[in-house]
**Q** 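There's a structure below that I have some questions on.
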Amino acid sequence: MIDSLKFITCGSVDDGKSTLIGHLLYDAKLLFSDQEKALELESKVGSNDGDIDYSLLLDGLMAEREQGITIDVAYRYFITDHRSFIVADTPGHEQYTRNMAVGASFADVAVILVDASQGILIQTKRHARICSLMGIKHFVLAVNKMDLIAYDEHRFNEIKEEFLREVANLDLDTISVIPVSATEGDNIVNRSQHTSWYTGETLIRYLETIDVSIKSKQSGFLMSVQRVSRPNHKFRGFQGQVEVGEISVGDEIISFPSEEKACVKSIFIGNKDCTTVSAGQPANIQLDSEIDVSRGCVLVRDVAVELADMFTAEILWMDDAELVVGRNYVLKLGTKVVPATLMKIKHKIDINTGKHISADKLLKNELAICDLSLAENIVFDSFTNSKGLGSFILMDRITNMTSACGVIKHALRRSTNVVWQDTDVTQKIRANQKNQRPITIWFTGLSGSGKSTLANELEKRLVAMGKHTMLLDGDNVRHGLNKNLGFKPQDRVENIRRIAEVSKLMNEAGLIVITSFISPYQEDRQSAREVIGEDSFVEIYVSTSVEECERRDVKGLYKKARAGEIPNFTGVSAPYEEPNSPFMKVETEMCSIEKATDLILQTLMEQKCLKE
Amino acid sequence: MGDLKHLEQLEAEAIYIMREVAAECERPVMLYSIGKDSSVMLHLAIKAFYPEKPPFPFMHIDTTWKFKEMIEFREKRAMELGIEMLVYTNMDGVEQGINPFDHGASYTDIMKTQALKDGLNKYDFTAAFGGGRRDEEKSRAKERIFSFRNPAHSWDPKNQRPEMWNLYNTKINKGESIRVFPISNWTEADIWQYIRQEKIEIVSLYYAKERPVVYRDGNIILVDDDRLKLLPDENVEMQKVRFRTLGCYPLTGGVESTADTLDLIIEETLGSVSSERTTRVIDYEATGSMEKRKREGYF
């Protein structure tokens with residue numbers, strides 16, 4: 001049986017990627033006749049003067065045909081006498097770089113196109129770098145549109161030299177450069193009459209013969225456990241795809257991270273009972289003793305593995321939302337899924353020059369070296385050593401988007417505290433982790449004005465939005481922290497001071513604090529504002545008339561105050577000083593609780609109080 | 001991995017994907033259409049979990065217009081393998097008398113697309129395996145292996161999640177679901193070679209046999225039951241035909257053939273002059289018709 005090769009075509013927009021593949025399929029007689037007919041028909045309908053537009057074979061989405069561009073990766077399959085091929089044709093536009101990376105992650109060879117009349121462009125360099133990041137070791141530069149530069153050997157050599165300089169610092173095994181014309185078909189399947197100065201292979205010949213197998217066969221055994229199979233009490237099998245080497249019945253393995261040992265009792269490959277299973281095969285392995293093995297564990301024999309919970313990695317950011325330091329993501333590496341925090345962006349990598357640029361955030365399609373910290377120790381390896389144990393994705397906890405992909409450079413040892421020494425956990429990091437801006441929403445107003453009801457409703461709504469909150473009101477403060485305080489003016493001042501300090505601490509912990517206290521004195525609210533900080537203090541005045549409060553008198557307090565049973569009662573026997581310029585004034589006599597809460601939330605969002 | 005041969009690699013990839021879904025997704029199901037791709041999928045599911053039975057049920061969307069031989073085959077396989085086979089039919093459509101002769105495109109929408117959505121909703125399935133292959137059609141060539149659907153089961157081709165290496169992100173929000181295509185990277189040739197290598201049982205309709213047929217609009221339609229009304233100038237003829245794809249009998253054209261063994265089928269298929277889907281009547285409506293249907297929730 002023949003082997004197969006996975007490759008991608010990439011390069012800048014309009015460098016002719018889709019056309020190249022189309023021509024490859026057409027010339028190699030790899031199209032079914034009805035596809036050929038449809039192609040000729042569609043070309044006639046389109047603009048190309050009835051010449052065959054080979055790219056129509058690949059651009060399959062309606063939006064792609066309308067705009068005449070490639071948006072997402074297309075996979076095509078063909079077979080020659082020598083090999084079976086899967087080609088991923090990738091988009092060239094910058095905004096679709098992440099789709100290009102999807103294609104690259106899957107391939108062993110990259111065919112990078114460059115327009116001979118344009119030379120090496122930014123996108124060419126970006127793609128070369130991403131191909132290398134995703135683990136491709138074999139590059140072929142197809143210098144396309146040679147017909148437009150009259151098959152000029154000198155210009156070809158200039159482009160070749162420039163490309164070799166550009167990729168000199170990438171970790172590649174082989175680089176080839178071929179002059180082609182995708183529209184004319186030069187050096188694709190048939191050797192060109194116009195490039196007698198070129199003595200190398202045609203593209204198809206290159207693809208049929210390139211050796212991408214891993215040179216040094218790895219010894220030992222390693223497999224990540226995908227799933228534990230327990231059809232009945234007699235069978236407990238560990239399913240997974242063998243990553244490295246092979247294992248036989250009777251061999252001893254170690255399970256990580258528990259580091260317990262056991263021997264292999266039986267092996268199923270598919271539905272066959274076998275004695276040995278090797279790299280790439282789907283295994284179901286039984287052990288002779290009940291050790292701790294579950295999904296995400298790694299079974300190992302004679303392979304040095306590392307356990308760590310911090311490492312340095314190179315990542316490609318793929319999310320429309322920007323990457324923020326300190327945020328918590330879900331990381332998947334092999335079959336292990338674990339919470340991870342992005343501790344630090346060490347630097348971005350400039351795509352043009354490869355130079356390092358300092359940064360505190362990352363935008364879509366940017367590359368960077370970062371430090372990550374995980375919730376627990378995991379088994380990993382550097383990407384150079386192991387594709388399977390050295391690559392990971394980060395998933396957003398709220399949108400579930402695959403926000404980034406990355407490859408591990410090396411572990412960071414906790415004992416040396418590389419990360420924590422220069423980046424203490426700040427309020428900003430804690431807040432980012434919670435995806436919110438920590439503020440104190442300070443409700444003030446008469447007793448019975450509706451502060452507590454509003455505060456309670458607002459907290460419910462914020463929690464429903466995924467925010468992390470804390471509500472402070474008379475009940476939970478007066479019964480504990482402030483239980484030694486009464487209602488005399490100096491006690492009221494101390495009461496508010498303590499509440500302000502506690503609010504500040506909670507803000508520092510990254511929480512959104514909601515307070516509900518009468519806080520009648522302008523001066524006290526001002527000092528709370530100073531303690532908590534001008535930017536974090538959001539004062540909401542719940543404006544309800546004394547008459548209305550007294551009419552509601554939910555707790556019967558006004559009645560008692562009027563009867564003289566409660567001294568210093570705000571609004572009756574003690575003053576209430578209205579705020580001069582509150583963030584918001586809510587009139588509870590005019591609208592319902594729901595309406596008022598809507599209004600508060602809307603204003604908070606408009607003023608960007610909840611999120612940076 | 002470098003040493004594995006082509007089919008072995010494809011098989012390993014499909015099994016890996018099936019196990020990931022079984023391990024990470026809450027309520028998976030395997031869509032079973034009874035065709036050869038489904039036969040391969042079922043075989044892979046058995047291999048992926050052996051000696052355990054596949055840890056998910058199978059579901060067939062029955063339009064009530066499938067070939068009789070298909071339904072017999074479905075019942076027989078489910079019984080032999082001891083798997084859970086759910087059958088879902090859009091009974092509203094049946095009661096309204098929706099049929100492929102009178103209702104054209106809306107037949108496909110009501111009895112297939114709508115039925116599929118209802119069937120998945122009925123059991124709250126969060127992930128559904130399908131036997132779609134990227135070589136079948138141009139919009140499928142662009143689809144990820146894990147393809148996300150919003151609560152209305154619609155696909156957004158312009159905003160697909162990145163899918164890197166074999167690290168599949170199976171996380172979904174409430175109401176969303178995933179279609180999973182483990183044999184995305186297989187070609188029709190791979191399917192047939194794998195069927196031969198693994199001796200997988202397929203429906204007899206794939207083999208050439210004398211069958212009662214009518215020639216209608218350039219298609220050869222099997223007279224499978226008396227619901228097929230003959231037009232004035234039509235005659236039922238006995239003809240040696242076979243089917244390259246299976247679906248609803250009035251919508252699935254046969255081909256004249258003498259290929260009555262697997263080797264002959266493979267020889268005929270791999271040397272074939274037209275690609276597989278040309279015998280499916282619905283694909284011809286308009287360029288991009290498959291993508292439109294997928295956006296609406298078709299598999």
Side-chain angles (χ1 to χ4, degrees), chain A residues 1-4 32-35 42 58-63 65 71-77 79 84 86 98-99 101-102 105-106 134 212-214 226-227 229-231 235 237 239-241 268 270-271 278-282 284 295 318 330 332-333 335 387 391-393 395 400-402 405, chain B residues 1-12 15-16 19-20 22-24 44 46-53 55 134-135 137-142 144 157-158 160-169 171-173 176 184-187 189-190 272-276 278 287-288 291-292:
Chain A
M1 212 193 298
I2 56 173
D3 68 350
S4 58
F32 289 118
S33 67
D34 60 329
Q35 286 176 334
E42 282 175 31
L58 288 103
D59 288 336
L61 299 176
M62 287 185 282
R65 287 152 177 272
I71 292 175
D72 215 327
V73 201
Y75 298 87
R76 278 287 175 272
Y77 305 81
I79 189 162
S84 160
I86 305 182
R98 74 177 194 208
N99 292 338
V102 168
S105 80
F106 146 104
M134 303 310 282
V212 296
S213 61
I214 298 155
Q226 275 190 287
R227 187 173 175 273
S229 173
R230 303 216 66 158
F235 190 92
Q239 299 172 339
Q241 190 173 66
F268 279 98
N271 49 1
S278 47
Q281 291 183 311
N284 191 355
R295 176 171 166 84
M318 305 190 291
V330 179
K332 183 169 185 181
L333 182 148
T335 58
K387 247 182 158 173
S391 57
F392 61 88
I393 53 172
M395 298 171 276
N400 293 327
M401 172 68 184
T402 306
C405 63
Chain B
M1 260 260 238
D3 291 346
L4 288 198
K5 289 304 175 191
H6 182 57
L7 281 180
E8 250 186 308
Q9 269 188 30
L10 290 172
E11 181 189 63
I15 288 177
Y16 187 85
R19 287 172 172 176
E20 282 297 285
E24 288 201 350
L44 289 165
I46 298 288
K47 283 186 99 167
F49 301 100
Y50 190 86
E52 188 183 346
K53 292 262 162 64
R134 285 169 174 159
D135 82 328
E137 195 270 336
K138 274 188 271 194
S139 71
R140 277 213 168 130
K142 298 257 167 180
R144 303 273 189 263
K158 277 165 54 172
Q160 300 195 79
R161 260 190 212 170
E163 192 167 86
M164 323 310 277
W165 300 292
N166 59 353
L167 294 170
Y168 303 108
N169 174 354
K171 294 188 182 301
I172 50 171
N173 285 314
E176 294 172 344
S184 283
N185 288 324
W186 297 47
T187 63
D190 297 327
S272 172
V273 291
S274 48
S275 71
E276 191 180 358
T278 53
T287 300
E291 183 185 344
K292 274 190 208 129

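Side chains are part of it too, since the values below use all heavy atoms of this structure and drop only hydrogens, waters and symmetry mates. Letters A, B, ... mirror the listed sequences (proteins, then strands); counts begin at 1.
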**Q** Looking only at heavy atoms and a cut-off of under 4.5 Å, which of A:Pro282, A:Ser229, A:Cys405 has the most pairs with chain B?
**A**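 Of the candidates given, the most pairs with chain B belong to A:Pro282.
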**Q** Does the side chain of A:Arg227 come under 3.5 Å of the side chain of A:Asn284 through a donor N or O and an acceptor N or O?
**A**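 Looking only at side-chain atoms, A:Asn284 and A:Arg227 do not form any donor-acceptor pair under 3.5 Å.
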**Q** Is it the side chain or the backbone of A:Ser84 that comes within 4.5 Å of chain B heavy atoms, both, or neither?
**A**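 Just the side chain, heavy atoms under 4.5 Å.
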**Q** Side chains of B:Glu20 and A:Gln226: do they bring a donor and an acceptor to under 3.5 Å?
**A**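 The answer is yes; a qualifying pair exists.
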**Q** Parallel, tilted or perpendicular: which describes the rings of B:Tyr16 and B:Tyr168, with under 30° parallel and over 60° perpendicular?
**A**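 Correct class here is tilted.
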**Q** Tell me, for A:Met401 versus chain B, whether the close heavy atoms (under 4.5 Å) come from the side chain, the backbone, both or neither.
**A**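 A:Met401 touches chain B through backbone and side-chain heavy atoms alike.
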**Q** Which one, B:Asn173, B:Asn185, B:Ile15, leads in non-hydrogen pairs under 4.5 Å with chain A?
**A**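 Looking at each option in turn, the highest pair count goes to B:Asn185.
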**Q** Can you find a pair of side-chain heavy atoms, one from B:Ser184 and one from A:Tyr75, that are under 4.5 Å apart?
**A**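 Of all side-chain heavy-atom pairs linking A:Tyr75 with B:Ser184, none is under 4.5 Å.
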**Q** Is it the backbone or the side chain of B:Ala22 that comes under 4.5 Å from a heavy atom of chain A, or both, or neither?
**A**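 Both backbone and side chain.
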**Q** Taking the side chain as every heavy atom from C-beta outward, state whether B:Met164 and A:Val102 have any pair of such atoms under 4.5 Å apart.
**A**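 The answer is yes; the side chains approach within 4.5 Å.
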**Q** In terms of heavy-atom proximity below 4.5 Å to chain B, should A:Ile393 be classed as side chain, backbone, both, or neither?
**A**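 Both parts, heavy atoms under 4.5 Å.
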**Q** Quick one: which of B:Lys171, B:Arg161, B:Arg134 has the most heavy-atom pairs under 4.5 Å with chain A, could you say?
**A**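 Of the options given, most contacts go to B:Arg134.
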**Q** Is it true that B:Lys5 and B:Glu11 make a salt bridge, defined as a side-chain N closer than 4.0 Å to a carboxylate O?
**A**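 Answer for the salt bridge query: no.
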